Protein chains: 2
Amino acid sequence: MNKTKRITIYDLAKELGISGSYVSRALNDHPTTSEKMREMVKQKAKELNYKHNTSAANLRQGNSKIIGIIVPKINETFFANVIAGIEEICSKYKYHIIICQSEENLKKEKEAIDTLIKQNVDCIMISLSQETKTNAHLLDILANKIHLIQFDRVDESVESYIIKNDNKIAAFNGVEHLIKMGYERIAHIGGPVYLNIYADRKQGYREALLKAKHTLFDDEIDNIALSRTDAKTIALKLLSKQDRPDAFFTSSDQAALGVIQAAKELNISIPKDLGVLGFQDEEFSSFISPNLSSINQQSKQIGISAANLFFKTILKNKVKTTESSTEIINCELMIRESSYRKIAKKFTKTPE
Amino acid sequence: MNKTKRITIYDLAKELGISGSYVSRALNDHPTTSEKMREMVKQKAKELNYKHNTSAANLRQGNSKIIGIIVPKINETFFANVIAGIEEICSKYKYHIIICQSEENLKKEKEAIDTLIKQNVDCIMISLSQETKTNAHLLDILANKIHLIQFDRVDESVESYIIKNDNKIAAFNGVEHLIKMGYERIAHIGGPVYLNIYADRKQGYREALLKAKHTLFDDEIDNIALSRTDAKTIALKLLSKQDRPDAFFTSSDQAALGVIQAAKELNISIPKDLGVLGFQDEEFSSFISPNLSSINQQSKQIGISAANLFFKTILKNKVKTTESSTEIINCELMIRESSYRKIAKKFTKTPE
DNA sequence: ACAATTTATGAAATCGATTTCAAAATATTA
DNA sequence: TAATATTTTGAAATCGATTTCATAAATTGT
């Protein structure tokens with residue numbers, strides 16, 4: 001496309017018979033300009049359909065009013081909601097977001113960081129990929145004096161702001177709810193424990209069982225599954241055993257759905273003979289039959305908090321204090337049909 | 001944060017005892033540089049952790065290698081998938097995406113376009129907000145010599161590339177399927193008809209009925225509902241009438257879900273006494289009970305096609321030909337429980 | 001009315017990569 | 001070997017907004 005010359009401040013200046021520097025100041029409401037002139041300049045700018053050239057300003061000022069976001073997958077409910085939250089706040093402050101997907105891949109994550117640095121972004125908000133076990137690339141962000149906010153899946157060893165759910169407590173409360181409903185042999189299907197979120201959820205599960213003096217179910221084996229099909233396979237196996245679990249706490253709603261499907265196949269009644277509690281509170285959870293109890297992560301709120309942290313705390317702090325702190329977003333336990341039974345099935349207690 | 005001076009090509013140049021211009025060329029593999037020197041320069045760049053300054057290059061070259069995307073809502077499945085598709089292709093070409101939400105709001109859409117122009121984006125991909133009935137802001141994109149690709153919700157009157165589903169045909173096929181299943185009084189719950197997609201779906205519905213010589217059900221009234229609750233209200237009303245519909249074709253899966261819930265409340269059996277066909281094929285549609293038949297829009301493919309259109313067609317065409325064409329992405333009819341009954345309930349035919 | 005102060009305005013430098021054009025170095029040919 | 005062609009290399013201009021600093025204009029005080 002043959003670019004016709006863009007209108008610049010100098011074009012405005014020439015038209016108005018003043019200097020480019022004055023135009024720049026007028027457009028920015030600089031105190032050394034009069035109200036009358038500002039009006040005049042802005043009027044002319046509108047008239048000629050002048051568009052501020054962000055690249056030029058960036059180059060001069062060294063910042064871009066852009067926040068870079070890196071997530072494993074844009075179109076996963078959780079991340080899509082976080083991003084929506086960030087965008088909502090950013091647009092208020094006239095900031096923009098550039099989004100990158102790591103696709104759970106460390107190499108892509110590194111590339112994303114690299115290009116965001118090149119773009120002069122003012123801040124990078126990241127949720128780590130499943131493959132990320134090193135942190136050199138995160139340190140590179142700091143080395144380039146770019147603010148860093150990690151959310152959800154984070155590396156605590158890197159000095160940065162952190163926003164995450166109270167995964168352990170949420171899991172603890174969820175499992176305690178299952179216990180109150182009279183479930184006794186509660187199994188867990190989790191995610192890879194080298195990710196903080198899954199480790200925390202598992203830990204919350206364990207602590208709830210320990211507190212209730214329940215035995216840990218099948219503790220020797222880590223049941224790892226986040227997808228529906230994988231979880232279904234595991235559930236089918238466990239539910240066919242002699243000492244089968246009477247409840248499942250999973251680290252995703254997809255996995256919980258797999259459990260429900262397995263139970264249906266085996267004609268096990270939910271919630272009477274099997275309790276199911278998911279994590280994430282996907283949209284479908286309140287629709288499916290039986291409704292799935294789950295733990296809502298307030299995903300959009302995570303995005304809003306991250307953005308507010310940037311605008312209200314980081315940008316305000318001219319003086320560089322410690323660039324780290326952790327903000328916890330509380331999860332909400334959504335009790336629905338799949339885990340709610342009024343009367344405990346029977347009153348037997350596993351020997352302690 | 002007190003920015004320490006960034007490493008520039010001149011720093012590399014000084015270290016190597018050569019000029020900045022040579023460094024620039026070497027980094028870009030310009031033919032006037034030797035392989036040996038390129039190696040040397042790149043080596044030093046790595047050593048000093050040099051980061052290319054995109055703003056500076058943008059300013060000089062007048063393009064940004066950024067594609068701007070404007071959608072009503074980032075975290076709606078359809079749009080999230082489209083964006084994921086675009087990002088996937090862009091990252092291959094080392095392009096980036098800036099995402100804006102219009103939130104179904106014309107004013108925000110205009111603002112988004114304005115800032116994307118200011119950012120020097122190379123292309124804008126947009127799906128229009130519900131409020132958008134004017135096109136001056138779209139023309140502004142063209143006036144600024146920025147390539148324009150509209151997808152899904154488009155304004156055909158603006159000269160641009162267009163990518164959309166075969167909404168009319170998909171609706172036609174879907175309704176024809178309902179007719180084949182023996183449903184006779186098929187109602188439609190659609191979206192606002194000033195949006196092309198909803199007008200097209202309604203038209204497909206009408207044509208299928210006309211072809212089958214069915215009477216249009218309740219044609220005088222436009223049933224507009226995209227959300228679950230609104231659709232449920234409408235469905236409850238219609239299903240309580242004497243001459244109630246025996247099938248619903250809705251323009252969203254959410255609405256279809258509302259219909260299912262209404263049917264459950266009224267103890268109407270699906271699919272025996274009521275057929276339901278949605279549109280969009282949301283993730284939950286294959287989970288809920290009964291499984292919801294729907295029309296899959298290949299949303300990610302729309303994004304992939306849009307991005308490929310940009311890279312393979314638009315960028316290649318140095319010579320500006322007509323900057324418009326329409327690409328159709330075929331929908332896929334997903335027949336599931338909610339519309340599938342082997343034997344038609346009874347063999348009566350509405351008088352013609 | 002004149003000096004002192006304040007306010008309004010513009011010239012020029014700057015940010016960092018790209019690119020043009022000319023000069024220097026090298027290779028090729030007669 | 002001298003003349004010509006080719007390849008390397010760098011100086012300087014450029015993109016457009018911002019910002020510093022100096023100067024011009026207006027205002028104030030005496």
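Throughout, a chain's letter reflects where its sequence line sits, starting with A, and its residues are numbered from 1. Owing to the predicted nature of the structure, the values given are computational and were not obtained by experimental measurement.
Taking the six-membered ring where the residue is Trp, the centroids of A:Tyr93 and A:Phe310 are separated by 6.0 Å or more.
A side-chain donor-acceptor contact under 3.5 Å links B:Glu109 and B:His137.
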(request) With side-chain hydrogen bond (donor to acceptor under 3.5 Å, both in side chains) as the test, would you mind laying out the steps for A:Arg38 and A:Thr33 before giving the verdict? (result) CA-CA 7 Å; A:Arg38 287 180 204 168; A:Thr33 56; 2.9 Å; yes
(request) Please assess A:Thr115 against A:Glu111 for the test side-chain hydrogen bond (donor to acceptor under 3.5 Å, both in side chains), listing each intermediate value before the final yes or no. (result) CA-CA 6 Å; A:Thr115 31; A:Glu111 285 172 6; over 6 Å; no
(request) Walk me through it: do A:Ser157 and A:Asn135 pass the test side-chain hydrogen bond (donor to acceptor under 3.5 Å, both in side chains)? (result) CA-CA 8 Å; A:Ser157 75; A:Asn135 64 17; 3.2 Å; yes
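For the helix from C:dA1-D:dT30 to C:dA30-D:dT1, the rotation axes defined at the first and last 5 base pairs enclose an angle of 40°, given to the nearest 10°.
Take the nearest nucleotide of DNA chain D for B:Leu59 and for B:Thr33: the residue whose nucleotide is more 5' is B:Thr33.
A donor-acceptor distance shorter than 3.5 angstrom exists from the side chain of A:Asn53 to the backbone of A:Ser55, with no hydrogens or angles considered. Distance alone, capped at 3.5 Å, is enough to place a donor-acceptor pair between the A:Glu131 side chain and the A:Leu106 backbone.
Residues of residues 12-19 of chain A that place a heavy atom closer than 4.0 Å to DNA chain C, in numerical order, are A:Gly17, A:Ile18, A:Ser19.
Atom pair A:Met37:CE and C:dA8:C1' shows a separation of 9 Å (rounding to whole Å applied). Atom CD of A:Gln119 is separated from atom P of C:dC15 by 21 Å (rounded to the nearest Å).
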(message) How would you summarise protein contacts on nucleotides 17-27 of chain D per nucleotide, using B for base, S for sugar-phosphate only and - for none, with heavy-atom distances below 4.0 Å?
(response) BBBB-------
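In this structure, B:Lys51 places its NZ atom where more than 12 heavy-atom neighbours from other residues, nucleotides or ligands lie under 6.0 Å away.
Look at B:Lys42 and B:Asp29 and you find a salt bridge, because one of the NZ, NE, NH1 or NH2 atoms lies within 4.0 Å of a carboxylate O, short of that distance.
In this structure, the separation between NZ on B:Lys118 and CG on B:Asn144 is 11.0 Å, given to the nearest 0.5 Å.
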